[in-house]
Amino acid sequence: MHPMFSTPRRAAVWLLALALAAGLAGCASAPNKAPIEDRKPGRPTTAAPAAAPATPVGESTGAAADAAKPLPGAENAGKPGYYSVKPGDTLIRIGLDNGQNWRDVARWNNLDKPNLIEVGQVLRVVPPGVDPAVVASRGVAPAKVESRSLDGKPTAAAVAAVATAAASAASVPVPALAAVAPAAPAAAKAESDDEPAWAWPASGAVSAGFEEGRQKGLTINGKAGDPVLAAADGRVVYAGSGLRGYGNLVIVKHNNTYLTAYAHNQVLLVKEDQAVRRGQKIAEMGSSDADRVQLHFEIRRQGKPIDPAKLLPAR
């Protein structure tokens with residue numbers, strides 16, 4: 001046995017020393033390791049953030065696609081006979097402001113859901129087939145009056161008038177000839193008649209008159225339940241409370257030119273698309289959406305409010 005390993009105890013100590021020396025040599029030759037990553041709360045980690053998923057070329061998010069999509073009718077913005085929807089608009093108000101039945105406006109624009117209109121959307125507010133530029137320049141289509149003899153055939157004068165009209169410029173109206181046959185009842189008047197026969201819609205005193213840009217009609221006093229009467233023959237185009245500031249409202253269309261509005265009623269006695277006669281009771285006076293009992297009465301010519309006192313008869 002080697003003198004260094006003369007006893008088992010010495011051999012064990014020697015082997016242990018060799019092992020320790022080998023370990024120290026390995027540590028000295030190995031590269032230094034990075035410090036342990038600090039994971040304490042509130043401190044950033046050294047890991048790189050995950051990359052966001054790439055959007056394929058030519059694709060966009062749904063919001064961006066919706067923003068880029070043009071609104072219906074945008075190509076007609078600013079043209080005569082078209083209306084661009086503004087904040088707060090409803091189809092009822094658009095119809096009233098343009099002298100049309102709101103249901104007609106919905107039909108002309110193929111609106112499946114009339115309550116869903118968007119700001120900036122452009123709506124047609126004249127009937128299809130009618131040139132909006134012509135309507136804007138001349139106002140309203142002339143009345144279609146044809147004179148007939150008692151046997152039902154057109155009179156010679158009527159034939160001559162038609163021939164004259166065909167040869168004349170479109171801007172020069174042909175005077176209407178008086179009908180030979182007895183006059184038809186008022187309810188059967190053509191919708192294109194220009195001037196209705198007006199009557200007062202209520203018997204109370206006028207407490208506020210028309211004022212351009214501020215007061216769109218007359219305020220007529222009365223008691224709750226007093227009758228509200230149709231001011232002329234026509235057809236109801238709205239009966240309800242969907243127009244802010246008007247309360248329970250009736251709108252009557254009299255012809256291609258005129259609408260009347262009757263606001264703040266307590267009870268409505270007519271429904272949409274119902275024909276009414278001048279003087280017919282259509283509502284009872286009230287104070288809906290108002291601070292006192294009153295009738296707010298408007299006459300609108302092609303949607304524009306005008307002074308009713310200039311058309312109603314003296315009383």
Side-chain angles (χ1 to χ4, degrees), residues 55-144 165-166 169-173 190-194 212-213 216 234-240 242-246 249 251-261 272-273 298-306:
T55 302
V57 176
E59 294 185 14
S60 59
T61 63
D66 290 342
K69 183 180 178 182
L71 291 172
E75 68 279 5
N76 296 315
K79 294 180 181 178
Y82 291 89
Y83 177 82
S84 296
V85 178
K86 298 177 178 61
D89 275 344
T90 65
L91 214 57
I92 299 167
R93 182 174 292 281
I94 292 170
L96 178 63
D97 289 345
N98 290 276
Q100 303 292 358
N101 184 339
W102 70 271
R103 293 184 183 276
D104 288 339
V105 175
R107 187 175 68 255
W108 298 337
N109 293 279
N110 299 316
L111 299 179
D112 296 329
K113 298 179 179 179
N115 291 331
L116 300 179
I117 55 176
E118 302 178 74
V119 174
Q121 182 176 353
V122 180
L123 301 175
R124 185 182 184 95
V125 291
V126 297
V130 174
D131 185 350
V134 173
V135 173
S137 63
R138 75 183 181 188
V140 62
K144 296 179 180 178
S171 60
V172 180
E191 193 180 76
S192 58
D193 289 345
D194 287 345
E212 186 74 40
K216 296 180 180 179
R235 188 170 296 275
V236 178
V237 296
Y238 181 72
L243 195 58
R244 183 180 300 176
Y246 285 79
L249 171 69
I251 302 175
V252 178
K253 184 172 183 178
H254 302 286
N255 51 38
N256 288 338
T257 310
Y258 289 105
L259 293 175
T260 50
E272 289 186 22
D273 204 37
E298 296 180 10
I299 297 180
R300 295 198 177 211
R301 180 185 289 133
Q302 293 189 319
K304 181 181 179 181
I306 60 175

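Residue numbers run from 1 in the order of the sequence given. The model shown is predicted, which means the values in this text are computed figures rather than measured ones. Because only heavy atoms are used, hydrogens play no part in the values below, and waters and symmetry mates are left out as well, while side chains stay in.
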Test side-chain contact (heavy atoms from CB on, under 4.5 Å) applied to [X] - qualifying residues, sequence neighbours left out:
X	answer
Ala74	none
Glu212	Phe210, Lys304
Val125	Tyr83, Ile94, Asn98
Lys79	Asn76, Tyr82

- Would you sort out whether Val236 and Asp273 count as a side-chain contact (heavy atoms from CB on, under 4.5 Å), showing the intermediate values? CA-CA 5 Å; Val236 178; Asp273 204 37; over 6 Å; no
- Hey, what do you get for CD1 (Ile251) to CG (Asn101), rounding to the nearest 0.5 Å?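 Spacing of CD1 (Ile251) from CG (Asn101) equals 9.0 Å.
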- Say you draw a straight line from OG1 of Thr257 to CD1 of Ile299; how long is it, rounded to the nearest 0.5 Å? 12.5 Å
- Task: Give the C-alpha distance, both sets of side-chain angles, the deciding distance and a yes or no for side-chain contact (heavy atoms from CB on, under 4.5 Å) between Glu298 and Lys216.
- Result: CA-CA 6 Å; Glu298 296 180 10; Lys216 296 180 180 179; 3.5 Å; yes
Of the non-hydrogen atoms in [X] and [Y], which two are nearest, and what is the gap between them?
X	Y	result
Val130	Val126	O-CG2, 4.2 Å
Gln121	Pro72	CG-O, 3.5 Å
Ser84	Val122	OG-CG2, 3.6 Å
Ala239	Glu272	N-CG, 3.6 Å
Leu91	Pro114	CD2-CB, 3.7 Å

- Message: Looking at Ala106, is its backbone amide N or carbonyl O close enough to the side chain of Arg103 to form a donor-acceptor pair, meaning the two atoms are under 3.5 Å apart?
- Response: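 Side chain of Arg103 to backbone of Ala106, a donor-acceptor pair under 3.5 Å: no, none is there.
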- Item | Option from Leu259, Val252, Leu249 for which side-chain contact (heavy atoms from CB on, under 4.5 Å) with Tyr238 holds |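 Only one of Leu259, Val252, Leu249 forms a side-chain contact (heavy atoms from CB on, under 4.5 Å) with Tyr238, namely Leu249.
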- Task: Sequence neighbours left out, what passes salt bridge (charged side-chain N to carboxylate O under 4.0 Å, His left out) with Asp97? Give chain and number order.
- Result: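 Salt bridge (charged side-chain N to carboxylate O under 4.0 Å, His left out) list for Asp97, sorted by chain: Arg300.
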- Using the test side-chain hydrogen bond (donor to acceptor under 3.5 Å, both in side chains), find all partners of Arg301 that sit at least two apart in sequence or belong to another chain.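 Listed in chain order: Tyr258.
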- Looking at residues at least two apart in the chain, or sitting in another chain, which of them share a side-chain hydrogen bond (donor to acceptor under 3.5 Å, both in side chains) with Arg93?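 Partners of Arg93 under the side-chain hydrogen bond (donor to acceptor under 3.5 Å, both in side chains) test: none.
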- Task: Would you mind reporting whether Leu123 and Leu111 have side-chain heavy atoms less than 4.5 Å apart?
- Result: yes
- Min side-chain heavy-atom separation Thr260-His254 under 4.5 Å: yes
- Going by the side-chain hydrogen bond (donor to acceptor under 3.5 Å, both in side chains) test, which pairs reach into residues 106-119, not counting sequence neighbours? Asp104-Arg107
